[in-house]
Chemist: 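Structure incoming, see below.
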Amino acid sequence: MKRSIVRWRHRVHRAREAGMTTAEYAVGTLAACTFAIVLLAVVKSGSVESGLSGVILEALGIR
């Protein structure tokens with residue numbers, strides 16, 4: 001009887017950790033998407049876009 005209780009507690013403990021791992025992946029994915037949106041907004045702003053275009057045109061030798 002004691003052995004089965006120990007096994008049950010071990011299974012419950014492992015299941016609880018699996019759920020936390022999934023939650024951690026969800027939070028990480030949400031943080032990455034938020035960072036991508038912020039980065040896209042910064043890159044699309046006027047001054048940064050013109051600066052990047054200048055760097056690319058200069059690197060290609062078009063200027």
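Source: prediction; values computed, not measured. What's counted below: heavy atoms across the whole structure, side chains too, no hydrogens, waters or symmetry copies.
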Chemist: Testing the basics here: between Ser47 and Ser50, what is the closest heavy-atom pair and its distance to 0.1 Å?
Modeler: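 Where Ser47 meets Ser50 most closely, the heavy atoms are O-OG, 3.0 Å.
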
Chemist: Once you round to the nearest 0.5 Å, how far does CZ of Arg9 lie from OG of Ser4?
Modeler: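 That separation rounds to 12.5 Å.
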
Chemist: What's the spacing between Leu57 CG and Leu52 CG if we round to 0.5 Å?
Modeler: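 Taking CG in Leu57 and CG in Leu52, the distance rounds to 10.5 Å.
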
Chemist: Going only through I, L, V, M, F, W and Y residues with side-chain contacts under 4.5 Å, is there a path from Ile56 to Ile62?
Modeler: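 Same cluster: Ile56 reaches Ile62 through Ile, Leu, Val, Met, Phe, Trp or Tyr contacts under 4.5 Å.
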
Chemist: Lys44 and Glu49: which non-hydrogen atoms are nearest, and at how many Å?
Modeler: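 Reported closest heavy-atom pair: O-OE1, 3.5 Å.
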
